[in-house]
Structure formats: C-alpha cells, structure tokens
S.K.: 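Sharing a structure below in structure tokens format, with a few things to ask.
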Amino acid sequence: WESAGIDGWRRAMAVNARAPYLLTAALLPMLRRARGLVVNVSDHAAHEHWTTYPVHAASKAALESLTISGARALHADGVRMNAVSPGTIMPPTDWDSDRIQREADAGRLGTPDELIRTILALADDPARTGEVVVL
C-alpha cells in the first residue's frame, strides 16, 4: 500500500486520469464538429481492486468514472465517450513467468487484437456512449 507514495499517486493519476481528461477538453471543439468518439483504455485493475497496485487501480477507476460522466455531459453535443477495460496486456514487471502463465490460464490476460476489435465495434455503433466494455 505504501510503496507507491505520493509521487506514484501523482504519476498514475497524471497518466491514467488527468491526461485523458485534458486531451478530451482540448479536442472538444473538433469533437463537437465531427460528432466524435472518445475511447479511453482502462484495465481490470479498476474492477478487481488490486491490493498490490492500489494507486494504479484507483487511477483506472477514476478514468472510468470520467468516461461515464463525460458521456453524459457531452451527449447533447453529439460527442460519444466509452472505455474499454481489457485484461492485462502488459503484465507488471514484477510478475514472473509462472504468474503470467497462471493469469493466462485463468483467462485474465487481454490481447491487443481484442482491444482493437472492441474499439472498432464502438466506433461502428453510434448509439453506444457512456459504456465501459469489460473484456
């Protein structure tokens, strides 16, 4: 719990919540004109509440909350916002090969193709907004 510290908290929130928020805000005029789609990439940490990576989990949960709130706020402007929450695609560096294999055997690892297919499906469905698609 203590290992991340305040610097870890700041980094995780900056990358996983603040940056997507600021990018969306900066692109809003264009998104409104194009009736665009924002797809944020979360991961299972937001749902599994990882005790070994609580700061990462909290930052992904924040991203998912921003996604849902943003979709509600921007819907009237024709802007859609969704998130995709795949299983671990890039395992943490402290996972050994046995842990990675156990996660794969349990079906908890995601693939880049799975992520891409889901994002394309969201892009093709103009009715979908405010969803977090858990893979």
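The first residue in the sequence is number 1, and the count goes up from there. From a predicted model like this one, the values you see are computed outputs, not experimental measurements.
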S.K.: Quick one: are V133 and N82 in side-chain contact, heavy atoms under 4.5 Å?
M.R.: no
S.K.: Would you say that more than 12 heavy atoms from the other residues, nucleotides or ligands in this model lie under 6.0 Å from the CZ of R18, or not?
M.R.: no
S.K.: Nearest 0.5 Å, what's the NZ-NE2 distance between K60 and H44?
M.R.: 11.5 Å
S.K.: Where does the angle between the aromatic ring planes of W50 and H56 fall among parallel (under 30°), tilted (30 to 60°) and perpendicular (over 60°)?
M.R.: parallel
S.K.: Given V55 and M13, is the side chain to side chain contact (heavy atoms under 4.5 Å, CB included) satisfied, shown in steps?
M.R.: CA-CA 8 Å; V55 172; M13 288 297 176; 5.8 Å; no
S.K.: Same cluster or not: are L66 and V134 linked, directly or through other Ile, Leu, Val, Met, Phe, Trp or Tyr residues, by side-chain heavy atoms under 4.5 angstrom apart?
M.R.: no
S.K.: Are L23 and M30 joined in one hydrophobic group, where the rule is that I, L, V, M, F, W and Y side chains link up if heavy atoms are under 4.5 Å apart?
M.R.: no
S.K.: In terms of hydrophobic clustering (I, L, V, M, F, W, Y; side-chain heavy atoms under 4.5 Å; direct or indirect links), are M81 and L28 co-clustered?
M.R.: yes
S.K.: Do you know which of V132, L122, D43 makes side chain to side chain contact (heavy atoms under 4.5 Å, CB included) with V84?
M.R.: L122
S.K.: Let me confirm one number: the CG-CZ distance from L31 to R80, rounded to the nearest 0.5 Å.
M.R.: 11.0 Å
S.K.: Could you report the tightest heavy-atom contact between A17 and A62, atom names first, then the distance?
M.R.: CB-CB, 4.1 Å
S.K.: Got a salt bridge between D105 and R102, using NZ or NE/NH1/NH2 to carboxylate O under 4.0 Å?
M.R.: no
S.K.: Same cluster or not: are L37 and V41 linked, directly or through other Ile, Leu, Val, Met, Phe, Trp or Tyr residues, by side-chain heavy atoms under 4.5 angstrom apart?
M.R.: yes
S.K.: So, for S42 and P86, which heavy atoms are closest and what is the spacing to 0.1 Å?
M.R.: O-CD, 3.4 Å
S.K.: Let me check something: do I68 and V38 share a hydrophobic cluster, defined by ILVMFWY side-chain heavy atoms less than 4.5 Å apart, either directly or through other members?
M.R.: no
S.K.: To the nearest 0.5 angstrom, please state how far the CG atom of D98 sits from the CD atom of Q101.
M.R.: 8.5 Å
S.K.: How far apart are the closest heavy atoms of A57 and A45, and which atoms are they?
M.R.: CB-O, 3.3 Å
S.K.: State plainly whether the residues R99 and E103 are in salt-bridge range, i.e. N to O under 4.0 Å.
M.R.: yes
S.K.: Would you say the side chain of L120 lies within less than 4.5 Å of the side chain of R117, judging by non-hydrogen atoms?
M.R.: no
S.K.: Taking side-chain hydrogen bond (donor to acceptor under 3.5 Å, both in side chains) as the criterion, tell me which of T67, T24, N16 meets it with N40.
M.R.: T67
S.K.: Starting at CD1 of I6, measure out to CZ of R11 and round the result to the nearest 0.5 Å.
M.R.: 10.5 Å
